[in-house]
**Q** 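I am attaching a structure below and will ask some questions about it afterwards.
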Amino acid sequence: MTKPQDKLRGWAAARRAILSGLRFTSLRLRLVVVFGLVALTAAVSASGIAYWLNREAVLTRTQDAVLRDFQQEMQNRAGILPTNPTQGELQHTAGQMAASSQRFSVLLVAEDESGRTVVGNSGALDPFSLADVPESLRTAVGKQQSITSNNKSPYHLYWQRIIDGDKPYLVAGTKVIGGGPAGYMLKSLEPEEKDLNSLAWSLGIATGLALIGSALLAQAAATTVLKPVQRLGIAARRLGEGKLDTRLRVSGTDELADLARTFNHTAEALEKRVADMSARDEASRRFVADMSHELRTPLTAITAVTEILEEELDAETGSVDPMIEPAVRLVVSETLRLNSLVENLMEVTRFDAGTARLVLDNVDIADQITACMDARAWLDAVELDAKRGIMSLLDPRRLDVILANLIGNALKHGGSPVRVSVRASDGDADTDGDLLIEVQDNGPGIPEDVLPHVFDRFYKASASRPRSEGSGLGLSIALENAHIHGGEITAANSPEGGAVFTLRLPRDPSALTETPAEPDGANGDGESA
């Protein structure tokens, strides 16, 4: 039986796939839409122009034929009527006029001998009457024009298109010259309207087919254009993933082929540059490692000698000549510093080469910090705020390196009292139950321009004092040891004064694998930033 959670996950996956597809084809969709809009605009414009031209041609042809026939009928039939015809004569003549080839309705209007207006239409069932004739048209037909050189006739033929009951009609009227009845004609344009509607439907169908064809052409064009772009995007992603041997297959001589060639040349140059840089970096790391190993052998002998000299300096017999005692002490201190520097360089080389490993153990943090301070005689100078029983799975030796550098740096540059506090977070979405160790001193704090660089290698806050007891590697080694645990170290200034270094470590780094102890130990002494 399918669980609701499984259904929700399936719907979410389908939604992500659809959105991914839309994002993937967004350019394709834009191309299709643009092609479609261009084709639609062109098709609608062409169809509109064609419809308008055909409409005017059809209506003009029909109108001219009807008006010509009506004018001819008025001359041949209404023109022979007497000046004051009877209604019967008008009725008979109107019927004869309507029997023409154009089949229009006719209405004749005149005055009989008594001066009474009489009207005759083309048939008893014909509904055409004076009420159907627009007032403006009747006025124009009955108005007598002045005879001029440009106007040879006092009466003219006038026409007008009207809509009656959603049906189009052509209405025309004129008057017999020399006295006689006025005639009006009504012609239905419904057949022409049907023909024009059929033409509109045909043009609409043609527009739709043009739109569909343009969409298919746009899809084909987009596929042709975007396929090389898609291959270029895949190749760029592979190149970004570090696969520097990625190349594109070049075909053709167009702009996309030039782009593929440029990409190949760029990838080739990048691969060569990265290979050169990797070789130089590897040679540099090997040089540092070899130099450190080579220095350890003479340093071992020198260290043994300096230990003897140091014992002689501290002996009660005072066997060392007071004149050379300062020089001996300088040799002893510088030998110790050089030994510490070599150890630090070897540790840095392990981190750069990726050979540094963890030896995990479940330790009590309070006991570990106490042991670190006791080994360096810092118990009287450091205040520890840590409850016993806070356990964490980590590498004790590397934690000792971190604590020695942070506490030693606080004592050396910050000033007493130095406070070390330990707490375990409750484990929310951000911390996930991390272990927090804060080292706070009582000094002037870290200058704002120095704060971003305190973890840089060989960085020293005072450029005028490049020579000091520290090498400038201590805090960077502490940060690398935190990173290998999956943790982080941050530096800040406390509002109450002094610098605060916060070490954040996961209490159960399940992603880390326990490995055998390394033959070379890391430096455990405090180092200056």
Side-chain angles (χ1 to χ4, degrees), residues 347 350-351 356-376 378-379 381-411 414 417-442 446 451 454-455 474-496 498-518 521-527 529:
E347 184 71 1
R350 294 189 194 98
F351 283 121
R357 295 292 182 266
L358 293 175
V359 182
L360 299 177
D361 191 12
N362 198 23
V363 299
D364 188 305
I365 300 301
D367 291 344
Q368 189 69 23
I369 297 175
T370 302
C372 173
M373 294 188 299
D374 185 37
R376 295 163 180 83
W378 291 342
L379 291 175
V382 179
E383 297 178 2
L384 178 60
D385 180 16
K387 295 180 181 179
R388 294 180 57 85
I390 301 179
M391 308 299 293
S392 181
L393 185 63
L394 45 78
D395 188 329
R397 181 181 63 82
R398 294 191 180 276
L399 178 62
D400 183 80
V401 172
I402 298 173
L403 294 173
N405 279 287
L406 295 182
I407 299 174
N409 195 72
L411 289 171
V418 174
R419 180 181 177 84
V420 180
S421 58
V422 180
R423 63 185 177 89
S425 62
D426 296 333
D428 52 27
D430 295 328
T431 61
D432 195 22
D434 289 345
L435 175 70
L436 300 178
I437 302 177
E438 290 185 353
V439 179
Q440 181 176 0
D441 60 47
N442 197 33
I446 305 174
L451 200 57
V454 293
F455 295 105
L475 288 179
S476 65
I477 291 176
L479 182 63
E480 293 289 350
N481 279 301
H483 285 169
I484 200 172
H485 279 90
E488 186 62 63
I489 302 178
T490 56
N493 288 316
S494 174
E496 294 81 10
V500 180
F501 286 84
T502 303
L503 169 64
R504 182 187 296 273
L505 294 175
R507 297 185 65 182
D508 185 12
S510 56
L512 304 177
T513 305
E514 186 175 358
T515 59
E518 300 171 15
N523 177 30
D525 296 331
E527 281 291 345

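Position 1 is the first residue of the sequence; numbering continues from there. Not measured: the values here are computed from a predicted model.
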**Q** Run the side-chain contact (heavy atoms from CB on, under 4.5 Å) check on Leu411 and Ile407 step by step: do they pass?
**A** CA-CA 6 Å; Leu411 289 171; Ile407 299 174; 4.1 Å; yes
**Q** Looking at Glu488 and Arg504, does any basic side-chain N land under 4.0 Å from a carboxylate oxygen?
**A**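 Not counted as a salt bridge, because no side-chain N and carboxylate O are separated by less than 4.0 Å.
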**Q** For a quick test of reading the model, state the closest non-hydrogen atom pair linking Val439 to Leu406 and the distance between them.
**A**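 Taking Val439 first and Leu406 second, the nearest heavy atoms are CG1-O, 3.9 Å.
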**Q** Could you measure the distance from the CG atom of Asp361 to the CG atom of Leu393? Nearest 0.5 Å is fine.
**A**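 That separation rounds to 7.5 Å.
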**Q** Taking all atoms of both residues into account, what is the closest heavy-atom pair of Leu505 and Gly487, and its distance?
**A**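 Result for this residue pair: CD2-CA, 4.2 Å.
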**Q** Identify the heavy atoms of Ile402 and Ala478 that sit nearest to each other, and give their distance.
**A**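 For Ile402 and Ala478, the tightest heavy-atom pair comes out as CG1-O, 3.6 Å.
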**Q** Taking the side chain as C-beta and beyond, is there a heavy-atom pair between Asp395 and Ile484 under 4.5 Å?
**A**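 Heavy-atom side-chain distance check fails, nothing below 4.5 Å.
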**Q** Can you tell which of Asp385, Leu436, Ile369 makes a side-chain contact (heavy atoms from CB on, under 4.5 Å) with Val422?
**A**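 It is Ile369; the other options fail the test.
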**Q** Would a 4.5 Å heavy-atom cut-off, applied to side chains only, mark Ile365 and Leu394 as touching?
**A**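 Yes. Closest side-chain heavy atoms under 4.5 Å.
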**Q** Nearest 0.5 Å please: distance from the CD atom of Glu438 over to the OG atom of Ser494.
**A**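 Reported to 0.5 Å precision, the distance equals 9.0 Å.
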**Q** Heavy atoms, side chains only, cut-off 4.5 Å: are Ile446 and Phe501 in contact?
**A**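 Answer yes - side chains close enough.
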**Q** Do the non-hydrogen side-chain atoms of Asp400 and Arg376 ever get within less than 4.5 Å of each other?
**A**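 A side-chain contact under 4.5 Å exists here.
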**Q** Can you find a pair of side-chain heavy atoms, one from Arg398 and one from Leu358, that are under 4.5 Å apart?
**A**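 They are in contact (side-chain heavy atoms under 4.5 Å apart), so the answer is yes.
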**Q** Is the shortest heavy-atom distance from the side chain of Ile437 to the side chain of Leu403 under 4.5 Å?
**A**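 With C-beta onward as the side chain, the pair touches.
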**Q** Does Gly389 offer a backbone N or O that forms a donor-acceptor pair with the side chain of Asp364 under 3.5 Å?
**A**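 A pair under 3.5 Å: yes.
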**Q** List the residues meeting salt bridge (Lys or Arg N to Asp or Glu O under 4.0 Å) with Asp367, not counting sequence neighbours, and say none if there are none.
**A**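 With neighbours one apart ignored, the set is Arg388.
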**Q** Which atom names give the shortest non-hydrogen contact between Ala366 and Leu384, and what distance separates them?
**A**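 Looks like O-CD2, 4.3 Å.
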**Q** Quick one: closest heavy-atom pair of Ala491 and Leu451, and the distance?
**A**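 In this case the closest contact between Ala491 and Leu451 is O-CD1, 3.9 Å.
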**Q** Could I get the full list of salt bridge (Lys or Arg N to Asp or Glu O under 4.0 Å) partners for Asp441, not counting sequence neighbours?
**A**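 Residues passing salt bridge (Lys or Arg N to Asp or Glu O under 4.0 Å) with Asp441: none at all.
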**Q** So, the side chain of Gln368 versus the backbone of Pro396: is there a donor-acceptor pair under 3.5 Å, distance only?
**A**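 Indeed, once roles are kept as given, a pair shorter than 3.5 Å links the two residues.
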**Q** With no hydrogens and no angle check, is any side-chain donor or acceptor of Asn409 less than 3.5 Å from a backbone partner on Asn405?
**A**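 It does not hold such a pair.
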